[in-house]
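Down below is the structure, laid out as structure tokens.
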Amino acid sequence: TGLPSLVIGGAGKWSINGKSSVLSELDVELSSDGRKSGLVSASKFGVSPRVGLEYNYSDKIFVRAGVGKFQFLKTEAAEEKRTLDFQPTAGIGVHLGRIRIDYAISDIANASVLDYTHVFSLLLDIYPRSKDPKK
């Protein structure tokens, strides 16, 4: 079982024009597993940041990018030397009425030692959204 962790995050949304906006987000995971490869780590805790951006066009098309899983890894040549590793991600989402389709890919440009991961999501809103902003 995993040890407890706490994720603290914040986001801001900026309108570009009547139909477009940009959402930025920063999360920081505080873990108690004592990972020694995290961006900031000690024997009992670790800190791992994640950042992301989302471009929204007319609440129908969403383009996303982010970076996470920052960690220092030992190199094969010299064990005392560590290199910074991270995992970039990107995705796109389409909202068609009550159906949402999302696609994401991680490890773009093979920046990490991990392989590519593709995630597809399909969501169906059972209840239609109200046009009245008060509800």
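Note: hydrogens, waters and symmetry copies are ignored here, and every other heavy atom, side chains too, is used.
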Quick check on Y57: does its OH atom have over 12 non-hydrogen neighbours (other residues, nucleotides or ligands) under 6.0 Å away?
no
Are the side chains of V47 and V28 in touch, meaning some heavy atoms are under 4.5 Å apart?
yes
Mind checking the OG-CZ spacing from S48 to F86? Nearest 0.5 Å is all I need.
13.0 Å
Run the side chain to side chain contact (heavy atoms under 4.5 Å, CB included) test on I101 and H95 for me, step by step, so that the C-alpha distance in whole Å, both residues' side-chain angles and the decisive distance to 0.1 Å come before the verdict.
CA-CA 7 Å; I101 303 168; H95 293 191; over 6 Å; no
Kindly say whether D27 contributes a backbone atom to a donor-acceptor pair with the side chain of R50 at under 3.5 angstrom?
no
Identify the two heavy atoms, one from I92 and one from R64, that lie closest to each other, and give their separation to 0.1 Å.
C-NH1, 3.9 Å
Residue pair L122 / I99, side-chain heavy-atom distance below 4.5 Å
yes
In terms of heavy-atom contacts, G93 and D102 come closest through CA-OD1, 3.1 Å
Could you go through residues 4-18 and list every donor-acceptor pair under 3.5 Å that involves a side-chain atom there, pairing it with any protein atom two or more places apart or in another chain?
unit_1, atom_1, unit_2, atom_2, d
S15, OG, N17, O, 3.0
N17, OD1, K19, N, 2.8
N17, OD1, S20, N, 2.9

Take the angle between the ring planes of Y103 and H118 and call it parallel below 30°, perpendicular above 60°, tilted in between.
parallel
OG-CG distance between S24 and L53, expressed to the nearest 0.5 angstrom
6.0 Å
Passes side chain to side chain contact (heavy atoms under 4.5 Å, CB included), L96 versus V94? Steps please.
CA-CA 6 Å; L96 305 169; V94 179; 3.7 Å; yes
Validation row: Q87, F70 side chains within 4.5 angstrom (heavy atoms):
no
CG of D125 to CZ of R98, rounded to nearest 0.5 Å, is 7.5 Å
